[in-house]
2 protein chains.
Amino acid sequence: MKLKDSKTEEVILDAAKVVFMEFGLYGARMQQIADRAGINKALLHYYFRNKERLFDRVFENALSRYFQNMEVLQDDSLPIIDRIHSYADRFIDFLTEYPQMAIFLIKEVSLNQALFEEKVNSHIKENPSLIAVINQGIQRGEIQFINAMLFFVNLVSLCTYPFVARPIFKVVAAKNDTMWGVEQEIYFRTSIHEFINHKIKPL
Amino acid sequence: MKLKDSKTEEVILDAAKVVFMEFGLYGARMQQIADRAGINKALLHYYFRNKERLFDRVFENALSRYFQNMEVLQDDSLPIIDRIHSYADRFIDFLTEYPQMAIFLIKEVSLNQALFEEKVNSHIKENPSLIAVINQGIQRGEIQFINAMLFFVNLVSLCTYPFVARPIFKVVAAKNDTMWGVEQEIYFRTSIHEFINHKIKPL
DNA sequence: TCATGGTTTAACCAAATGGTTAACAAAAGT
DNA sequence: ACTTTTGTTAACCATTTGGTTAAACCATGA
């Protein structure tokens with residue numbers, strides 16, 4: 001009795017990802033997901049029981065991808081400064097590929113904090129946080145003394161918010177006869193690496 | 001036939017603000033708003049016809065408050081550098097008072113971009129954008145040559161994202177035995193002023 | 001006092017929506 | 001071949017939800 005290893009589940013998850021990302025847990029409609037997956041609505045329930053469970057899977061996947069970016073912080077073959085630069089780059093790559101991810105996570109976390117807290121714990125246990133790595137770097141003298149939490153918040157803000165608020169920035173840019181998009185990406189990245197160096201390079 | 005100048009409208013708007021901010025246009029329930037306002041559901045429709053119109057009022061108010069922070073940029077009695085510092089401070093004050101505002105605006109903008117674009121136009125016409133002011137400062141030699149749009153994006157990111165992602169940062173901070181909240185606020189502000197100086201002060 | 005018109009409510013309605021059921025189709029096992 | 005399990009669907013159900021209606025309430029002015 002071999003499981004069919006069905007691709008339907010994949011198809012559903014893909015469709016659900018798109019719809020949940022755009023409309024969130026409340027805004028998304030099961031019918032909409034079924035339509036996008038090209039299947040009957042009842043099949044959604046066959047595979048995932050109910051909306052919340054389906055959402056849970058999508059959310060868990062997203063969170064997984066999110067934390068995957070932190071792996072590079074563990075790479076002991078690199079100096080800590082390089083790891084941080086690399087982390088920022090991966091983060092930006094990730095958000096470039098999934099621009100709606102950040103706002104999706106934030107929306108859902110703000111609506112259901114308890115769920116997130118529980119889920120994030122397991123991920124954090126597996127991955128050392130940037131904060132721990134920074135403090136380690138300070139102790140080793142590889143980077144100058146800074147408030148690690150604050151640096152972390154600043155860095156993540158610089159990387160993430162442009163994607164979160166892209167719809168707003170696009171309008172503002174247009175009003176100022178400027179562009180905001182791929183054209184600017186290289187400058188955007190550079191500005192973040194500059195920020196890192198400015199903040200953490202030993203004097 | 002004097003209009004009662006009813007406070008009911010105010011009460012409804014206050015309740016709607018809270019509920020819409022938390023749950024968004026789709027997630028909010030009219031019943032929930034009515035309950036919070038302590039009135040019958042039908043009264044909502046009596047005053048605001050339907051959900052969208054009510055939401056529209058709340059959204060417009062929020063946008064208004066948001067753009068109000070830009071007024072200081074017009075203050076010709078101040079050097080441009082000071083105006084930018086002041087702008088950042090006002091922005092942070094504003095978000096401290098209404099922490100959910102940023103995510104609310106982003107959520108709704110990303111869901112209904114057309115509406116936002118139309119609405120934002122009128123506001124932008126009345127207020128000079130930070131970008132225009134920066135370029136003016138460059139021309140006058142008050143600040144060094146920079147990419148104004150990029151600086152704007154970076155600055156707004158630094159100010160806003162910590163509020164947007166507060167639920168996430170709180171969890172991360174806790175896991176690292178650090179605090180993230182009012183205790184850190186003064187350092188947070190300082191880091192942003194530092195960023196401004198680092199980026200725009202003439203060499 | 002009572003007529004008028006704005007304000008408020010309880011009861012109701014139609015549509016949307018998450019979820020279920022029962023039947024059918026397709027594989028897999030024997 | 002045929003039985004059992006898995007996959008899929010159309011039709012249906014119960015609840016939720018935005019919105020309506022008709023009646024009641026209440027202040028005000030004649």
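- Applying the side-chain contact (heavy atoms from CB on, under 4.5 Å) criterion to A:E9, with sequence neighbours excluded, gives A:S6, A:Y47, A:F48, A:R57.
- Summarising the geometry, atom CZ belonging to B:F23 is positioned 9.0 Å from atom NZ belonging to B:K107; distances are rounded to the nearest 0.5 Å.
- Taking 4.0 angstrom as the limit, B:T8 places none of its side-chain polar atoms (N or O) nearer than this to OP1 or OP2 of C:dT7.
- Using a 4.0 Å heavy-atom distance criterion, A:Y46 is classed as a base contact.
- The stretch residues 12-22 of chain B has no heavy atom under 4.0 Å from DNA chain C, so no residue of it qualifies as close.
- Considering all non-hydrogen atoms of both residues, B:S157 and A:P162 come closest at OG-CD, 3.4 Å.
- Partner B:F152 forms a ring pair (Phe, Tyr, Trp, His ring centres under 6.0 Å) with one of A:F169, A:W180, A:F188 and no other, that one being A:F169.
- Considering only residues two or more places apart in sequence or on other chains, A:S191 meets the side chain to side chain donor-acceptor pair (under 3.5 Å) condition with B:N154.
- Here D:dA10 presents its P atom at 13 Å from CG of A:L44, a figure rounded to the nearest Å.
- Using five terminal pairs a side, the axes of the helix from C:dT1-D:dA30 to C:dT30-D:dA1 at its two ends make an angle of 10°, given in steps of 10 degrees.
- Aromatic ring pairs are classed by plane angle as parallel below 30°, tilted from 30° to 60° and perpendicular above 60°; the pair B:F94 and B:F91 is tilted.
- Straight-line distance from the CG atom of B:L43 to the P atom of D:dC25: 16 Å, rounded to whole Å.
- For A:F48 and D:dG7, the CZ to P distance is 12 Å, given to the nearest whole Å.
- The side-chain contact (heavy atoms from CB on, under 4.5 Å) search around B:N121 returns A:K175, not counting sequence neighbours.
- Remark: P of C:dT7 and NZ of B:K7 are 14 Å apart, rounded to the nearest angstrom.
- The heavy-atom pair separating B:M70 from B:L130 by the smallest distance is CE-N, 4.0 Å.
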In 5'-to-3' order, the base (B), backbone-only (S) or no-contact (-) status of each nucleotide in nucleotides 14-20 of chain C, using a 4.0 angstrom heavy-atom cut-off, is ---SBBB
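- With salt bridges taken as basic N to acidic carboxylate O contacts below 4.0 Å, one links A:R189 and A:D93.
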Could you walk me through whether A:F163 and A:I92 pass the side-chain contact (heavy atoms from CB on, under 4.5 Å) check? CA-CA 9 Å; A:F163 293 93; A:I92 295 170; 4.2 Å; yes
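- Going from atom CG of B:D35 over to atom P of C:dT9 covers 12 Å, rounded to whole Å.
- The nearest whole Å value for the distance from the CZ atom in B:F55 to the P atom in D:dG18 is 14 Å.
- In summary, B:R29 and B:D35 do not engage in a salt bridge, as defined by a charged side-chain N under 4.0 Å from a carboxylate O.
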